[in-house]
Amino acid sequence: MGGENATVDGANPTAASSNTTTQPNSDKGEPVTSEGNSEKEAVATMATTPASKPSEPVFVEPEDPEMDTEVEQDIVVVNDVGIVDQNDNFDDEFDTQERALSSSNPLSYSLATSPNTPLWAKILLPILCLSCHAIFYYGQTAPMWKLRTFAEIDAWANATDFTSRTAFDTVGLPRQMNFKISEDKDVETFTYYYAIDHLWVAKGLPGKALPRAAAILLVIFSGFWPHIKLLLLNVTWFCGKYPTRTKHLQWLSTLGKWSLADVLVVCVMVGVLHLDWIVVPEDIKQGVITDLPQLIEVTKSLYDHRQLCDKLLKLQCAHEKNVIKKTKCHACWTLVDEAYSRPEWARDTGAKIFSGVRVNGGGLATLRVVGMKGIYAFSAAVILSILLSFVIDIFDHKAKIQGLKDPRSLVAEGHRRGQRERHDLALSEEHELEQPLLNSTEPEPLEVDLGDFEAYRPPRNVQDAVFALVFFLLTSLTAILIFYGVGVDTMERQVKGAGPMMLHDILGVDWNTDYSLRSLMWTTGAAGSWDYLLMGTFALFIVLGPTIRAVQLEMVALFYHCRRPVSVVSTLIKFVGPFCAWEVFGIAIVMTQLLMPMITNTIIDNPACASISDDGSCLQVEFNILPYPFGVVTVGWILLCSMSNMVVSRAASAEDATTWMRLTSAMETQPSPGGYHLVQDPEEDRNEPMQEEQVERVAHIVQV
């Protein structure tokens with residue numbers, strides 16, 4: 001190639017020395033004179049050396065037709081040599097410069113080795129992860145909660161008139177009776193493994209499929225997953241690099257809250273299994289007088305008149321030989337038989353007997369679930385684990401922002417994304433590029449400057465206006481449903497059995513109550529002390545998290561309607577996501593519905609209850625959902641998740657578009673190895689509509 005050029009140059013020395021070519025200077029707008037070069041040398045120089053941003057291409061028409069042919073052939077040869085040389089040396093040059101860029105690229109480091117990560121985080125976060133493992137293990141092995149009964153009652157019942165005293169003497173009751181009960185005992189203590197075992201055995205439950213499925217979920221989410229999640233978090237911290245690290249952290253944040261399943265079960269247990277009976281003797285007396293016919297029928301179903309007198313007199317009346325004792329037995333039989341056989345007895349004689357009884361005193365009896373060290377430790381470990389993910393996610397976000405602000409980092413990002421694809425392009429004189437390359441040092445009409453881009457606001461068309469309206473309506477509906485679900489009663493507690501039935505019929509004690517998420521939160525911490533930790537956990541993940549996210553969605557809709565930036569709020573929506581755990585609460589409700597009846601129906605075991613209650617139990621507590629209100633809440637949760645995911649994904653697309661705009665700007669000042677330079681189209685007006693179209697498209701993405 002070099003010999004041919006020399007021959008051509010030597011064939012016409014006069015032309016080489018006498019020709020003068022004048023072209024405009026792109027920087028100053030002044031003509032530049034080039035002497036001592038032939039036409040084909042000028043064209044060859046243009047083909048092999050990138051120009052310094054010419055405003056117009058140079059067109060030189062040779063005077064000699066033969067020279068025109070020789071010049072065209074030489075251009076082809078020179079271009080072919082350039083392409084071959086670039087392709088041959090591309091890999092070495094690209095690898096060399098990419099290594100140089102990677103050494104200064106913040107995105108090429110893991111968070112544990114990044115120079116942008118503070119020293120305290122590098123030391124403290126791994127230690128906290130190990131501590132979290134230990135706290136999880138302690139919570140899983142220590143007692144989690146217990147069922148506790150407490151009674152402190154001191155009441156008196158004194159027979160004060162002739163009728164009441166005679167009746168008391170007849171049935172063997174003292175005229176002055178003192179009821180004093182002081183009891184504080186643990187009915188049963190529960191551990192993590194106890195709950196799994198009871199669910200797997202499914203004793204007293206209709207079917208075993210659902211309880212065993214709940215047991216498996218409890219083993220996975222509260223047994224293995226907390227430790228696996230921490231291990232993956234450590235691996236991501238020490239080894240993860242952008243952009244894979246960001247995806248892994250997003251998955252860990254989304255799935256990390258499932259460790260809350262066991263904690264939320266205990267929160268519901270503590271809040272719902274909380275039965276109090278304030279003993280007021282005067283109310284008991286009036287209740288007995290009012291419901292005496294029903295009480296007589298219940299007693300009659302349990303004992304006949306002879307059996308009842310044997311219990312009251314503490315005698316074996318059928319076998320007694322003593323005259324005095326037999327007389328007492330006959331008097332008791334007569335009174336009880338009259339009460340059983342004469343329905344009007346309860347309204348006249350029975351009412352007079354109890355009206356002559358004076359009562360005083362009082363007391364309190366409670367049945368409740370009390371949290372223990374295991375559940376407090378497990379709850380603290382769950383919160384710590386989620387906060388560690390949150391902090392590492394923030395460091396990842398900051399590293400991404402700082403890395404993409406560095407032009408060299410942007411160049412490395414562009415090389416990773418696009419350079420390898422462009423390496424395989426086969427170019428010839430018949431296939432000139434008409435699109436700008438990301439690594440071109442030449443400004444091209446299709447490249448958009450970021451500053452102009454940020455100031456550009458495309459006009460809103462009908463489609464955008466409709467989308468803004470629909471988006472605003474959906475976010476408003478989501479916020480309404482979320483606030484409705486937090487404040488309106490969506491769950492209920494039902495207390496069944498012989499004991500609650502009699503207390504309700506006689507004393508008007510009603511333990512059935514409805515709960516909203518807000519009222520259940522306050523009930524969880526009613527006992528104070530360490531139960532405040534459970535209340536705070538429930539409030540953070542079930543009440544505050546979804547509420548705050550719904551408000552943030554409404555802010556995004558308003559900002560978008562007013563055409564204001566939404567990137568900050570979108571990032572906050574992403575960070576609040578791990579603190580929204582209604583789906584985990586749904587699983588906790590199912591587990592509570594399975595566990596609570598099994599636990600409560602064994603507290604009092606008396607065969608007599610079978611003749612009083614419909615289900616044959618003495619005490620059984622159930623926790624159920626109210627179908628219609630809870631269905632509305634479910635719709636609100638689905639909308640919240642869908643709208644949040646849409647906003648976060650669109651924000652990520654907008655961030656990516658902005659990054660590519662900055663990448664294009666950075667490439668103008670960074671030379672690229674082995675890159676091809678674009679031959680500018682002299683018809684500049686052909687690219688102007690494409691420029692406006694690209695600006696509008698990318699600006700629309702970022703705005704959304």
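It should be emphasised that the depicted structure is a prediction, and the values quoted were computed from it without experimental measurement. Residues: numbered from 1 along the sequence shown. Just so it is clear, the values below take in all heavy atoms, side chains as well, and ignore hydrogens, waters and symmetry mates.
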Could you check whether atom [atom1] of [X] has more than 12 heavy atoms from other residues, nucleotides or ligands sitting under 6.0 Å from it?
| X | atom1 | result |
| --- | --- | --- |
| Lys352 | NZ | no |
| Arg358 | CZ | no |
| Leu477 | CG | yes |
| Trp345 | CH2 | yes |

Atom pair [atom1]/[atom2] of [X] and [Y] - distance to nearest 0.5 Å:
| X | Y | atom1 | atom2 | answer |
| --- | --- | --- | --- | --- |
| His504 | Asp510 | NE2 | CG | 4.5 Å |
| Thr600 | Lys496 | OG1 | NZ | 10.5 Å |
| Asp514 | Ser519 | CG | OG | 8.5 Å |
| Leu233 | Ile392 | CG | CD1 | 3.5 Å |
| Tyr194 | Leu595 | OH | CG | 9.0 Å |
| His274 | Thr513 | NE2 | OG1 | 12.0 Å |

Could you tell me whether a side-chain N or O of [X] sits under 3.5 Å from a main-chain N or O of [Y], the two making a donor and an acceptor?
| X | Y | answer |
| --- | --- | --- |
| Arg148 | Arg368 | no |
| Asp283 | Val279 | no |
| Ser222 | Val219 | no |
| Asn178 | Ala155 | yes |
| Thr290 | Gly287 | no |
| Arg493 | Trp511 | yes |
| Ser379 | Ile375 | no |
| Gln140 | Gly223 | yes |
| Trp258 | Ile220 | no |
| Gln176 | Asn158 | no |

Check against side-chain contact (heavy atoms from CB on, under 4.5 Å), Trp200 and Leu218: CA-CA 11 Å; Trp200 189 259; Leu218 197 60; over 6 Å; no

Heavy-atom side-chain contact between [X] and [Y] under 4.5 Å:
| X | Y | answer |
| --- | --- | --- |
| Ile289 | Ser355 | yes |
| Thr524 | Val268 | no |
| Gln620 | Pro597 | yes |
| Phe538 | Leu534 | no |
| Pro143 | Lys373 | no |
| Tyr138 | Ile135 | no |
| Pro500 | Leu619 | yes |
| Cys641 | Trp582 | no |

Verdict with reasoning, Thr475 to Phe471, per side-chain contact (heavy atoms from CB on, under 4.5 Å): CA-CA 6 Å; Thr475 54; Phe471 182 68; 3.9 Å; yes

Cys pair Cys332, Cys317: SG separation below 2.5 Å: no

Test log, rule side-chain contact (heavy atoms from CB on, under 4.5 Å), inputs Ile599 and Met269: CA-CA 11 Å; Ile599 295 170; Met269 287 283 195; 3.8 Å; yes

Polar contact flag, side-chain donor to acceptor under 3.5 angstrom, Ser385-Lys229: yes

Please report the shortest heavy-atom distance between [X] and [Y], naming the atom on each side.
| X | Y | result |
| --- | --- | --- |
| Ala588 | Leu264 | CB-CB, 3.7 Å |
| Val576 | Gly545 | CG1-O, 3.7 Å |
| Cys129 | Leu388 | SG-CD1, 3.8 Å |
| Pro226 | Phe378 | CG-CZ, 4.5 Å |
| Leu384 | Leu128 | CD2-O, 4.1 Å |
| Leu302 | Gln307 | O-OE1, 4.1 Å |

Ring centroid separation Phe541 to Phe585 under 6.0 Å: no

Aromatic ring pairing Phe390/Phe575, orientation class (parallel under 30°, perpendicular over 60°, tilted between): perpendicular

Test side-chain contact (heavy atoms from CB on, under 4.5 Å) applied to Ile589 and Gln593, step by step: CA-CA 6 Å; Ile589 289 177; Gln593 290 175 330; 4.0 Å; yes

